[in-house]
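Here is the structure we will look at, set down as structure tokens.
Just so it is clear: chains get the letters A, B, ... in the order the sequence lines come, proteins before strands, and each one is counted from 1.
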Amino acid sequence: MSRLILSCNYKLLIRRRRNHKQENRILSNWIQIQSLTMFAESIIPINSLQSNQKIWTIEAMVLRQEIIETLNNVQNNGKIWKMILADNMGTKIQAVMFNEAIRKFEGIFQYSKAYLISNGTVKKPNEKFANVHPSLELVLQQHTNVQETTSTFDAHIFANEFVKFKKIQKHIEINPYVDIFGFVSSVGQSYVIKKKNGGETHKREITIMNKELDSLPITLWGDMALNEGQMLQENFDKKQIIVVSNLNGTTYQGQFQLSTTNMSTIQFDPHCVQVQKLKKWLHSSPTNEIDVQQLAVEKKIKQAKEINIRDLLTNPSPIMENTLYYFQATIDDVEKKDQPWYDGYRVCNKRLTETREGLECYKCDTKNAESIPRYHIRLEVIDGNDKAIVILFDEPATSLIGCTILDYINSVRKFTSHFYKKMVSCKSMQYKFLFNSNRVTHSATGQTLTIIAQGIETAQADNFAKINEAETHETKKKRQLKKKIVEAIDAVEPTPIEDEDINKSNPNEKELIEIEDDENLNAFYKRQKQIPRKKKPTILKKKIKLENV
DNA sequence: CCCCCCCC
């Protein structure tokens with residue numbers, strides 16, 4: 001438990017003040033000191049708060065801030081702002097603010113900072129809705145006292161336990177929510193989703209990976225897709241490690257997936273032993289030098305079921321739904337008939353159809369949709385006499401041609417370009433194409449087979465050896481590194497680390513942890529908010545020092 | 001003093 005020690009000797013101050021004949025001021029000072037002392041002496045854990053409790057002080061960190069919303073009910077046309085706070089015992093609670101309180105605190109509360117908070121309302125939340133705290137919620141008002149502190153909390157105390165990727169589905173069967181951590185390996189665009197009730201929400205898919213290079217897709221919903229999602233996107237190249245709490249697991253069309261809830265929080269590179277270990281590993285050579293994503297694809301291919309084009313063409317029924325497969329085939333040609341993109345609807349990424357009125361999204365029923373090009377490469381592949389069309393979007397295409405498709409398209413017009421040479425060198429080479437069985441389509445005649453590949457891997461070495469000497473050298477070096485890593489990953493036992501660490505580590509134990517990117521991130525958050533920081537609240541003007549006892 | 005728990 002933390003205790004506040006006042007750095008000024010206030011008894012002395014009182015005596016000195018008595019010498020002045022200003023009884024009123026003495027009195028007011030006394031009151032201030034009394035409340036200060038009370039503030040200092042009575043920091044209580046959130047889990048000891050009682051409903052309607054009048055006198056309390058908590059020290060809590062801001063784990064999440066929602067977007068300030070405008071209430072649109074007729075009577076109460078005001079604003080609401082919700083936050084999720086947590087104290088050093090790991091107890092979370094939702095704090096709600098309305099109009100005047102929002103005006104007072106919107107420049108004060110900052111993501112991932114800690115505050116002393118007192119003099120607000122402790123109430124029962126609406127039982128209809130899931131809440132981070134099962135029975136309580138705070139309402140912060142104009143008269144609420146808020147004072148920033150320098151405390152940092154260990155991230156793992158906010159998590160019940162970090163569940164291993166492989167154990168998530170089983171965990172969800174027993175527990176409603178799951179907490180995980182990993183490094184961010186992909187961040188998608190955010191989309192507006194039309195809800196069945198007519199409203200709108202936002203959605204963004206991200207993928208995180210663990211030390212064993214298992215990847216885990218997570219869907220961010222609502223303003224988390226916008227706020228945290230944008231931070232993840234803008235800092236993507238920093239190899240961020242995140243702790244995501246209170247994820248919900250659902251099964252949609254046989255596929256298990258994780259989604260955020262209104263209780264979910266994301267912490268960016270937080271202070272925590274497990275995160276620190278992963279960070280160290282992630283930034284260490286040789287993983288730093290090679291494409292971790294491609295390694296992950298290769299790992300998936302290892303675990304996927306092998307199939308051949310003939311099986312897919314002749315007898316597609318035994319293929320399991322939503323299962324990863326791969327086939328091996330040779331690139332015969334790169335289709336040039338089509339432009340290598342289609343018009344996608346900016347909002348949902350779906351294909352647009354041209355009508356008399358303009359471009360229409362066939363899924364969203366949107367007229368005159370604003371389009372974006374969705375780049376992809378269509379390959380004709382062969383395995384003996386069996387042919388298939390393979391479509392590569394984004395990452396798989398990048399791993400084939402060594403650049404983004406946009407780069408390729410921009411440079412491919414000059415036929416002397418490096419990328420074009422690379423593309424040509426892919427022809428008559430063998431690859432393994434990874435795909436999900438639900439991304440396979442057969443033509444009406446049953447003659448043509450089209451798959452959308454999730455990833456590709458060269459099936460034979462030295463594919464790119466011809467291109468130039470320097471690169472050959474690099475490729476060899478990388479290949480050696482890769483071999484090392486793959487061996488190391490394969491050697492890793494399924495549950496090697498962290499479990500004991502969680503038990504061992506004690507939240508009260510101060511550990512020196514260096515977070516390199518912390519300052520950048522903090523600067524980033526400030527920029528994000530673009531709100532000038534206001535003066536601190538008035539009650540605590542004296543310098544206070546926080547100490548662990 | 002508020003509220004949807006979502007979609008392919």
Side-chain angles (χ1 to χ4, degrees), chain A residues 51-52 64-84 93-105 120-133 136-144 172 176-178 188-207 217-226 229 244-265 321-322 344-345 347-351 361-366 374 393 436-439 441 452 454:
Chain A
S51 187
N52 298 320
R64 178 161 163 69
Q65 292 175 315
E66 284 192 12
I67 289 171
I68 298 172
E69 279 179 280
T70 305
L71 302 173
N72 42 12
N73 32 349
V74 190
Q75 302 164 324
N76 219 341
N77 205 12
K79 286 179 173 179
I80 182 169
W81 191 26
K82 288 179 273 187
M83 295 192 304
I84 294 176
I93 194 162
Q94 177 171 270
V96 187
M97 284 161 278
F98 296 94
N99 312 314
E100 319 80 42
I102 294 174
R103 240 168 278 138
K104 183 177 171 189
F105 292 123
T121 307
V122 186
K123 65 180 262 296
K124 289 198 163 94
N126 189 334
E127 281 174 21
K128 276 202 303 193
F129 303 103
N131 201 300
V132 275
H133 194 292
L136 294 176
E137 162 176 288
L138 300 177
V139 181
L140 309 186
Q141 286 113 337
Q142 246 185 324
H143 58 262
T144 299
I172 286 285
Y177 301 106
V178 68
Q189 287 294 315
S190 76
Y191 298 110
V192 176
I193 298 292
K194 293 208 167 119
K195 294 189 286 188
K196 282 165 186 165
N197 70 2
E200 280 183 351
T201 188
H202 301 272
K203 175 194 172 180
R204 190 197 295 262
E205 304 273 1
I206 65 162
T207 313
I218 300 171
T219 307
L220 310 184
W221 285 101
D223 62 351
M224 194 169 254
L226 300 178
V244 194
S245 299
N246 279 346
L247 286 168
N248 193 357
T250 48
T251 305
Y252 179 80
Q253 293 187 355
Q255 180 127 322
F256 180 77
Q257 61 178 34
L258 290 176
S259 302
T260 60
T261 65
N262 64 333
M263 295 151 46
S264 299
T265 56
E321 273 187 33
N322 282 303
Y345 180 31
V347 169
C348 68
N349 232 349
K350 294 289 186 305
R351 189 185 289 267
C361 178
Y362 80 103
K363 280 280 181 194
C364 312
D365 255 358
T366 307
R374 291 278 291 137
F393 282 95
N436 189 305
S437 52
N438 63 9
R439 307 314 303 270
T441 47
I452 295 173
Q454 269 192 22

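Contacts of A:Ile193 with the nucleic acid, taken as non-hydrogen atoms under 4.0 Å apart, involve only primed sugar atoms and P, OP1 or OP2. When heavy atoms are screened at a 4.0 angstrom cut-off, A:Glu205 is found touching no nucleic acid atom at all. Here A:Thr250 lies out of heavy-atom contact (under 4.0 Å) with every strand.
Side chain of A:Ser190 to backbone of A:Lys203: no donor-acceptor contact under 3.5 angstrom is found.
Across B:dC3, B:dC7, B:dC1, the shortest atom-to-atom separation from the side chain of A:Asn126 is found for B:dC3. Closest approach to the A:Thr201 side chain among B:dC3, B:dC6, B:dC1 is made by B:dC6 (side chain taken as heavy atoms from C-beta onward). The side chain of A:Gln141 approaches B:dC1 more closely than any other nucleotide in the set B:dC1, B:dC4, B:dC5. Comparing B:dC7, B:dC5, B:dC1 against the side chain of A:Ser259 picks out B:dC7 as the nearest. Checked against B:dC6, B:dC3, B:dC8, the side chain of A:Lys82 finds its nearest nucleotide in B:dC3. The listed nucleotides are B:dC1, B:dC7, B:dC5; the one nearest the side chain of A:Val139 is B:dC1.
Under the side-chain contact (heavy atoms from CB on, under 4.5 Å) criterion, A:Glu100 pairs with A:Gln142, sequence neighbours left out. In terms of the side-chain contact (heavy atoms from CB on, under 4.5 Å) criterion, residue partners of A:Leu136 (sequence neighbours excluded) are, by chain and number, A:Leu49, A:Ser51, A:Ile93, A:Val122, A:His133.
As rounded to whole Å, 12 Å separates atom P of B:dC1 from atom CZ of A:Phe129. In this structure, A:Gln189 places its CD atom 21 Å from P of B:dC7, rounding to the nearest Å. What separates NZ of A:Lys195 from C1' of B:dC7 is a distance of 11 Å, to the nearest Å. Separating the NZ atom of A:Lys194 from the P atom of B:dC4 is a distance of 19 Å, rounded to the nearest angstrom. The distance between atom CD1 of A:Ile218 and atom P of B:dC5, rounded to the nearest whole Å, is 22 Å. For the pair A:Leu220 CG and B:dC8 C1', the computed distance is 16 Å after rounding to whole Å. As a whole-Å value, the separation of A:Trp81 CH2 from B:dC1 P is 19 Å. Spacing between atom NE2 of A:His202 and atom P of B:dC8 amounts to 16 Å, rounded to whole angstrom units.
The number of heavy atoms from other shown groups lying within 6.0 Å of NZ (A:Lys195) is above 12.
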Step by step, work out the side chain to side chain contact (heavy atoms under 4.5 Å, CB included) result for A:Ile80 and A:Val96. CA-CA 7 Å; A:Ile80 182 169; A:Val96 187; 3.8 Å; yes

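When the side-chain nitrogen and oxygen atoms of A:Lys123 are compared with OP1 and OP2 of B:dC1, one or more of them lie within a distance under 4.0 Å.
Aromatic stacking of A:Phe98 on B:dC1: satisfied, with centres closer than 5.5 Å and planes within an angle under 30 degrees.
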